[in-house]
2 protein chains.
Amino acid sequence: MSEINTETLILNSAKKVFITHGLEKAKMQQIADEAGINKALLHYYFRSKDKLFEAVFSDVLKEIVPMMKNFFGDNIPFTHKIELFVETYINLIRKNPFLPEFVFTELNRNPERLIQMMVSFGVNPNVILTQIEKEIELGNIKKINPKQLLINILALTIFPFLAKPIVKGILLNNDDDQFCRFIEERKVHISEFVINAISV
Amino acid sequence: MSEINTETLILNSAKKVFITHGLEKAKMQQIADEAGINKALLHYYFRSKDKLFEAVFSDVLKEIVPMMKNFFGDNIPFTHKIELFVETYINLIRKNPFLPEFVFTELNRNPERLIQMMVSFGVNPNVILTQIEKEIELGNIKKINPKQLLINILALTIFPFLAKPIVKGILLNNDDDQFCRFIEERKVHISEFVINAISV
DNA sequence: GTCTATATTGTGATAGAC
DNA sequence: GTCTATCACAATATAGAC
């Protein structure tokens, strides 16, 4: 907390502000206040708002992408992989509730960056796709388009967070506790749902 | 095309610009250019940017919400309902590719508005939830939390559009045709997937 | 490196002629 | 109703003292 240098102090403050407000609604003044320093220092260290944002976004991706790598890559059994991904992802969001909206907004602003970053981190979807194909050949799961299945798992896991306001507002009486329990229940629900859908 | 009044001309131009750029990146000047008129006229008709946006957003919701109402409400069989929703929703997006991102961005900006609008349009999730419960009691489908199932269907349908850039970029060689075919295949895929997951 | 003060720019909004 | 010209303000960015 105490002996931190100014650059990382700024980076952390900026991360907090950018993630909760998004690029354009986040103000340099607010970031400076959050860091307890002056506006001019932000420019001294990062030259421009855009540059600062880039730095923050890279940092965030470095937290997420390795997780995706585990999901896509490691040679653990497919059904375990689903559970692992759902569990890991949901726990990550717990810590940073605004992450999904943040990533998706910026994803739509500049898709290339995220894709490039995933490639440079060695994330390769072909590993999990061929794994799925093999499971089909072995007769362990139903015949299914592996890409569709992959998207299904991501959709089931990520979507509730993207749509949190409407899910909470329409289905859960706008109650945060209920939403929490809903998500907790979802950890096992998704695995069961997917496995039911694909088991022969 | 020709004998249209200025107000609806503005509304249509604004819709186009707001949907493709979002509230803050959309500029009044750009909307004026799109409409072939002057900036000042926008204020004459709609007083402020916010008011203009509200008008646009209401219009957009009026297109979407009745569709949701069919899904939530009508007393057609549940399995048919899934197919109907997937088909209808995907076709709607085809016509307006930027709709999902637009709605979700604004949803996170002001959840109350969308919820209130759905209520005022008579959308009531309880109808479909009790329908699911009844199907379970009858032994037609597996025991499952109806709310989880409802979210699953929405997630499977909507998520690919929200994540389009990454889906296209990582899985489909950045090829729009492939994405199109992927979505087309998805229409039947989702129904099959869900029905497999819940059938006893 | 850190600050205060100021320049610059973009954009929503208004005044007022026609 | 529609336009031109202008205001007002917010927010990024820079100059320059310390």
Expressed as a whole number of angstroms, how long is the span from A/E24:CD to C/dG10:P? 16 Å
Listed by chain and number, what are the side-chain contact (heavy atoms from CB on, under 4.5 Å) partners of B/K25, not counting sequence neighbours? A/E24, A/R109, B/H21
Pairs under 3.5 angstrom only: tabulate donor-acceptor contacts from the side chains of residues 193-200 of chain A to other protein residues two or more places apart or in another chain.
| residue | atom | partner | partner atom | Å |
| --- | --- | --- | --- | --- |
| A/N196 | ND2 | A/E192 | O | 3.3 |
| A/S199 | OG | A/I195 | O | 3.1 |

Under 3.5 Å, sequence neighbours excluded: what are the donor-acceptor pairs made by side chains of residues 178-186 of chain A?
| residue | atom | partner | partner atom | Å |
| --- | --- | --- | --- | --- |
| A/E184 | OE1 | A/R94 | NH1 | 3.1 |
| A/E184 | OE1 | A/R94 | NH2 | 3.3 |
| A/E184 | OE2 | A/K187 | NZ | 3.2 |
| A/E185 | OE1 | B/N145 | ND2 | 3.4 |
| A/E185 | OE2 | B/N145 | ND2 | 3.0 |
| A/R186 | NE | A/L156 | O | 3.3 |
| A/R186 | NH1 | B/Q148 | OE1 | 2.6 |
| A/R186 | NH1 | B/N152 | OD1 | 3.0 |
| A/R186 | NH2 | A/L156 | O | 3.0 |
| A/R186 | NH2 | B/N152 | OD1 | 2.7 |

Is there a path of hydrophobic side-chain contacts, each under 4.5 Å between heavy atoms of I/L/V/M/F/W/Y residues, joining A/F159 to A/L99? yes
Between residues 26-45 of chain A and DNA chain C, which residues have a heavy-atom gap below 4.0 Å? A/I37, A/N38, A/A40, A/L41, A/Y44, A/Y45
To check you understand the geometry: which heavy-atom pair defines the closest contact between B/G169 and A/I115, and what is its length? CA-CD1, 3.5 Å
Run the salt bridge (charged side-chain N to carboxylate O under 4.0 Å, His left out) test on B/R113 and B/E54 for me, step by step, so that the C-alpha distance in whole Å, both residues' side-chain angles and the decisive distance to 0.1 Å come before the verdict. CA-CA 10 Å; B/R113 176 173 41 192; B/E54 288 291 329; 2.4 Å; yes
side-chain contact (heavy atoms from CB on, under 4.5 Å) against B/S13, all qualifying residues, sequence neighbours excluded: B/L9, B/I31, B/E34, B/A35
Taking DNA chain C as the partner, which of residues 9-17 of chain A come within under 4.0 angstrom of it by heavy atom? none
Closer than 4.0 Å, any side-chain N/O of A/T6 to the OP1 or OP2 of C/dT2? yes
Among A/F78, A/F85, A/Y89, which residue satisfies the ring-ring contact (aromatic ring centres under 6.0 Å, His included) criterion with A/F71? A/F85
To the nearest angstrom, the CD-P distance between B/E7 and D/dG1 comes to 9 Å
